[in-house]
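Note sheet for the following structure.
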Amino acid sequence: MNYDCAIVGGGFAGVQAAIQLGRYRHSVVVLDREGGRSSLCRRYHNLLGWPDGVSGPELLRLGRRQAEELGVRFVRADIGRAERRGDSFTLHADDGTVYRARRLLLATGVKDRLPDLPGLLPCLGLTIFICPDCDGYEVRGRRTLVIGSGDAGANMALTLAYWTNDLVYVNHEGKAVSPDKMEQIRHLGIEYREEAVIRLETDGGELLGIELQSGDRMPFNRAFLALGGNEVKSELAVQLGVAVADNRHIKVDPRTKLTNVEHVWAAGDVTVHSEQAIIAMGDGAQAAIWMHKSLLS
């Protein structure tokens, strides 16, 4: 299976790149294991043209249909190995299928570390959030819970203090909080609890409250998650010799999104940038433009 361009990852960056490359009339395959960040979020609130919000699955459905109408092929595949052979790249899926392409875009994203709590996923993007830059606005002036771990949760609580002065930080895993951050939490009057959340009280996508390990029940209708330890999906990049930062995000040229390896681009949350849906789309389009230019040379 030979293509001009292969895109690994079918989130916002990958699909936007596929649309652009399809409009250039290149043969394109998008290889996606599915279940990524954008497929979990029930509502994005800060996107141009969607003042009432739009779900990740709906955006991906519309984008995929748009790309398929341009001849782009989508394949559900988990690519476990990538290698360069001469002037092309060989991608090995876990089912044994092999894909080859002249140009490669890695849009493999980040996997969030989420607490294992029933009822969580239907609330993501509606009443439970992850990104304060995206959704801090949604908790303005509201009583807000942070389910976190150690300094990651403390940082989230401190960041959200811009939006509300009624905050509770539950250190779900009991990891130590550094003294300076604890002092800031006390100074801002943020309530601190160090015990596990054992149950979410929800109604569909609505958060109603939590039950703690001690048996205490606390009402909340808005929460943020911040456990830390998110997994940056840059394994394929490392196999190809692509440079990554200390936090494993892929390093790219700011203008072209090209990595240090010829004919390998990266876009979206897997790269060193602000992890925003709209930025991921822009990254994908920009990478596609330069992939096209390289195919003309």
Side-chain angles (χ1 to χ4, degrees), residues 11-12 35-48 50-60 109-173 185 188 190-193 196-197 199-212 218-232 268-269 273-281:
F12 293 146
R37 241 181 193 177
S38 51
S39 69
L40 298 179
C41 184
R42 298 300 192 267
R43 187 174 298 156
Y44 287 91
H45 301 88
N46 62 339
L47 300 183
L48 175 68
W50 300 92
D52 298 321
V54 60
S55 77
E58 176 67 3
L59 274 178
L60 292 174
V110 171
K111 182 177 181 180
D112 295 291
R113 190 166 76 90
L114 303 175
D116 183 17
L117 293 170
L120 171 64
L121 295 184
C123 294
L124 284 180
L126 295 174
T127 54
I128 299 179
F129 310 102
I130 293 173
C131 173
D133 295 312
C134 305
D135 293 311
Y137 181 83
E138 303 304 317
V139 303
R140 61 198 185 283
R142 291 176 176 267
R143 179 168 170 80
T144 301
L145 166 70
V146 175
I147 300 176
S149 178
D151 281 351
N155 286 331
M156 178 66 77
L158 294 170
T159 298
L160 292 174
Y162 175 83
W163 293 105
T164 179
N165 59 9
D166 192 357
L167 286 161
V168 178
Y169 170 29
V170 174
N171 190 347
H172 176 64
E173 296 178 329
I185 284 172
L188 291 172
I190 297 170
E191 183 180 344
Y192 177 78
R193 299 288 295 265
V197 176
R199 188 169 71 90
L200 298 178
E201 297 178 357
T202 63
D203 181 7
E206 294 295 320
L207 175 66
L208 304 177
I210 61 169
E211 182 179 350
L212 297 172
M218 305 177 74
F220 290 97
N221 56 30
R222 294 291 185 273
F224 270 79
L225 306 174
L227 297 184
N230 293 344
E231 182 184 0
V232 183
D269 291 351
H273 83 151
S274 179
E275 296 175 17
Q276 292 263 324
I278 194 66
I279 294 175
M281 295 178 197

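- Taken from CG in L126 to CZ in R222, the straight-line distance is 8.5 Å, to the nearest 0.5 Å.
- Residue N165 places its CG atom among 12 or fewer non-hydrogen atoms of other residues, nucleotides or ligands, all under 6.0 Å distant.
- Here the closest heavy-atom approach between residue V146 and residue G153 is recorded as CG1-O, 3.7 Å.
- When side chains are defined from C-beta on, T144 does not count as touching V168, because their heavy atoms never get closer than 4.5 Å.
- Listed for the T159 side chain is no donor-acceptor partner under 3.5 Å among the backbone atoms of A157.
- Atoms CE and CG, from M281 and L59 in turn, are 5.0 Å apart once rounded to the nearest 0.5 Å.
- Contact of the E58 side chain with the R42 side chain is not registered, since no non-hydrogen atoms from C-beta on lie closer than 4.5 Å.
- Here the side chain of R113 pairs a donor or acceptor atom with the backbone of G228 at under 3.5 angstrom.
- You'll find the side chain of Q276 reaches within 4.5 Å of the side chain of C134, heavy atoms only.
- Between the side chain of R199 and the backbone N or O of V197 there is no donor-acceptor pair closer than 3.5 Å.
- Minimum interatomic distance between G204 and P122 (heavy atoms only, all atoms of both residues): O-CB, 3.7 Å.
- With sequence neighbours left out, the side chain to side chain contact (heavy atoms under 4.5 Å, CB included) criterion links L114 to D112, L120, L121, L124, I130, L225.
- Applying the ring pair (Phe, Tyr, Trp, His ring centres under 6.0 Å) criterion to Y44, with sequence neighbours excluded, gives F12.
- Listed here is the closest heavy atom pair of S38 and G11: OG-CA, 3.6 Å.
- Taken from CE in M156 to OH in Y169, the straight-line distance is 10.5 Å, to the nearest 0.5 Å.
- Of the possible donor and acceptor atoms, one in the side chain of N171 sits under 3.5 Å from a partner among the backbone N and O of G150.
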Kindly indicate, with the supporting measurements, whether the criterion side chain to side chain contact (heavy atoms under 4.5 Å, CB included) is fulfilled by N230 and K111. CA-CA 6 Å; N230 293 344; K111 182 177 181 180; over 6 Å; no
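- What you find for C41 and G125 is that their closest heavy atoms are SG-CA, 3.9 Å.
- Contact annotation: the side chain of M218 never approaches that of E211 to less than 4.5 Å [non-hydrogen atoms, C-beta and beyond].
- E206 places none of its side-chain heavy atoms less than 4.5 Å from the side chain of C123.
- With R43 contributing its side chain and V54 its backbone, the two residues share no donor-acceptor pair below 3.5 Å.
- Using a 4.5 Å heavy-atom cutoff, the side chains of L188 and L158 are in contact.
- In this structure the side chain of I210 reaches within 4.5 angstrom of the side chain of F220, judged on heavy atoms.
- Atoms CG and CD1, on L117 and I147 in that order, are 6.0 Å from each other to the nearest 0.5 Å.
- Summarising the geometry, atom CG belonging to N221 is positioned 11.0 Å from atom CD1 belonging to I128; distances are rounded to the nearest 0.5 Å.
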Step by step, work out the side chain to side chain contact (heavy atoms under 4.5 Å, CB included) result for N46 and I278. CA-CA 9 Å; N46 62 339; I278 194 66; 5.7 Å; no
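- For the pair S39 and P57, the tightest heavy-atom approach, listed with the atom from each and the gap, is O-CG, 3.3 Å.
- Side-chain contact between H45 and D135 is present, with heavy atoms from C-beta onward closer than 4.5 Å.
- At distances below 3.5 Å, not a single donor-acceptor pair connects side-chain atoms of T164 with backbone N or O atoms of R143.
- Between the D269 side chain and the V110 main chain, no donor and acceptor come within less than 3.5 Å of each other.
- To the nearest 0.5 Å, the span separating CD on E138 from CZ on F129 amounts to 5.0 Å.
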